[in-house]
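Below, chains carry the letters A, B, ... as their sequence lines are ordered, and counting in each starts from 1. Predicted, not measured: the structure shown is a model, and the values here were computed from it.
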Number of protein chains: 2
Amino acid sequence: MKLLMSILKEHKLKVTPQRLTMMKIIREKGHIDIDQLYVNLKNEFPAISLSTLYKNVGQFLDNEIIREIAIPNHKNKYEISFDEHPHFICSECGNVRDLKFGDEVSVKIQNLTGEIKNISLNIYGNCC
Amino acid sequence: MKLLMSILKEHKLKVTPQRLTMMKIIREKGHIDIDQLYVNLKNEFPAISLSTLYKNVGQFLDNEIIREIAIPNHKNKYEISFDEHPHFICSECGNVRDLKFGDEVSVKIQNLTGEIKNISLNIYGNCC
DNA sequence: CTCTGTGCAAAGCGTTTGCAAACGA
DNA sequence: TCGTTTGCAAACGCTTTGCACAGAG
């Protein structure tokens, strides 16, 4: 598993304890929204401000260190960018479960004009 | 093509000129965000208010008359619910092109625990 | 030492709410 | 007539911005 520190350095972002902890929490939780992230960070940094979170989340997204998951009727969640994978999202509670391309889910695309940068496949169901 | 009026009636929503025009514009434009919708509606209803749009869009979504397309770094767009289909979304300008399940794109799902309500497949590329 | 990052307070902006009047059934 | 919808204004809440100080390199 890649060191969080080196990920920041690769993108020429300064290594701060706040950033490292943000990344650690996102990686541990798998999928987390701003508010949950804030609560978790408060434990370690009681003085941390929401604007720091927003600024860093913005930079992480710009640098594709994390990826944004849009969930209808819920706040966006974030995950560490690793491999592309589909999500199973609960329409009720917004819970996200990772699926796998390959054995579980496969997508076949033919005759598509235009370069593909990224595929987002969300399957909505109910886990409640 | 189904009458817009009867769609509203099916959902026990009152038929108002504002609603009919909203649906007409969304159907014509294919994919449209709140602001573009507002501008278009202003032509026909100079006094229409944004809150009317928000209220109706909310109701259309609740009743699944329209569907929401989340586009990173752009405002959500809306389309009339018809068949499920994948979208090709330009990462730069947010433009949306409809694709087809079947010949163009197919998804195979195996061993997935949990009922599937809905599948959203967005392919990101560049049209600029 | 220099430049970036942090925290705070305030501003900004899209969206929602409350209410009276208008309208649809 | 009765319940719903509309438009307006105000409230709301999330996100962004400006700035001074702190911290990383």
Side-chain angles (χ1 to χ4, degrees), chain A residues 3-26 32-63 65-66 68-78 94, chain B residues 3-26 32-63 65-66 68-78 94:
Chain A
L3 282 175
L4 298 178
M5 207 174 69
S6 59
I7 298 178
L8 289 172
K9 284 181 179 169
E10 274 170 25
H11 293 282
K12 307 211 187 309
L13 294 172
K14 295 206 168 175
V15 178
T16 68
Q18 289 91 334
R19 284 180 175 164
L20 287 174
T21 307
M22 282 181 66
M23 293 171 74
K24 181 170 71 74
I25 293 170
I26 297 172
I32 194 168
D33 66 25
I34 285 275
D35 297 335
Q36 296 170 311
L37 188 53
Y38 186 55
V39 171
N40 279 272
L41 280 164
K42 275 280 184 189
N43 294 333
E44 217 153 323
F45 303 92
I48 201 167
S49 117
L50 260 174
S51 62
T52 301
L53 261 76
Y54 279 109
K55 284 169 189 164
N56 285 337
V57 164
Q59 268 173 318
F60 291 175
L61 287 171
D62 290 346
N63 287 281
I65 292 172
I66 63 175
E68 196 170 55
I69 310 169
I71 308 174
N73 306 317
H74 294 270
K75 302 194 79 171
N76 288 341
K77 292 191 177 179
Y78 302 95
Chain B
L3 282 175
L4 298 178
M5 208 174 69
S6 58
I7 298 178
L8 289 172
K9 284 181 179 167
E10 276 170 25
H11 294 281
K12 308 212 185 308
L13 294 172
K14 294 205 169 175
V15 178
T16 68
Q18 289 91 333
R19 284 180 173 162
L20 288 174
T21 307
M22 282 181 67
M23 293 172 74
K24 182 169 69 75
I25 293 170
I26 297 172
I32 193 167
D33 66 25
I34 285 275
D35 297 336
Q36 295 170 311
L37 188 54
Y38 186 56
V39 171
N40 279 273
L41 280 163
K42 276 279 183 189
N43 294 332
E44 218 153 319
F45 304 92
I48 201 167
S49 115
L50 261 175
S51 62
T52 301
L53 260 76
Y54 280 108
K55 284 169 188 166
N56 285 336
V57 163
Q59 269 174 318
F60 290 175
L61 286 173
D62 290 346
N63 287 281
I65 292 172
I66 62 176
E68 196 170 54
I69 310 169
I71 308 174
N73 306 316
H74 294 270
K75 303 193 78 172
N76 288 340
K77 292 190 176 177
Y78 302 95

- Is the backbone N or O of Gly94(B) less than 3.5 Å from a side-chain atom of Lys77(B), with the two atoms forming a donor-acceptor pair by type? yes
- Message: Would the base of dG18(C) count as contacting Lys55(B) through its side chain, where contact means a donor and an acceptor less than 3.5 Å apart?
- Response: yes
- Taking atom types as they are modelled, is there a donor-acceptor pair under 3.5 Å from the base of dC23(C) to the side chain of Thr16(B)? no
- Asn56(A) CG to dT4(C) P, in whole Å, measures 15 Å
- Item | From dA24(D), dC8(D), dT5(D), nucleotide with atom closest to Arg19(B) side chain | dT5(D)
- Closest to the 5' end of DNA chain D, once Leu50(A) and Lys42(B) are matched to their nearest nucleotides, is Lys42(B)
- Query: Just wondering, more than 12 heavy atoms not from Asp62(A) lying within 6.0 Å of its CG?
  - Reply: yes
- What is the distance, rounded to the nearest whole Å, between atom CE of Met5(A) and atom P of dG5(C)? 16 Å
- Of the options Asn56(B), Leu50(B), Leu53(B), which is the one that meets Leu37(B) in a side chain to side chain contact (heavy atoms under 4.5 Å, CB included)? Leu53(B)
- Which nucleotide in dT5(D), dT6(C), dG24(C) has an atom nearest any side-chain atom of Leu13(B): dT5(D)
- Candidate nucleotides dC8(D), dT6(D), dA25(C), ranked by approach to the side chain of Ser51(B) - the nearest: dC8(D)
- Message: How about NZ on Lys9(B), more than 12 heavy atoms from neighbouring residues, nucleotides or ligands closer than 6.0 Å, or not?
- Response: no
- Nearest of dC8(D), dG7(C), dT4(D) to any side-chain atom of Ala47(B)? dC8(D)
- Rounding to a whole Å, what distance do you find between Leu8(A):CG and dG25(D):C1'? 14 Å
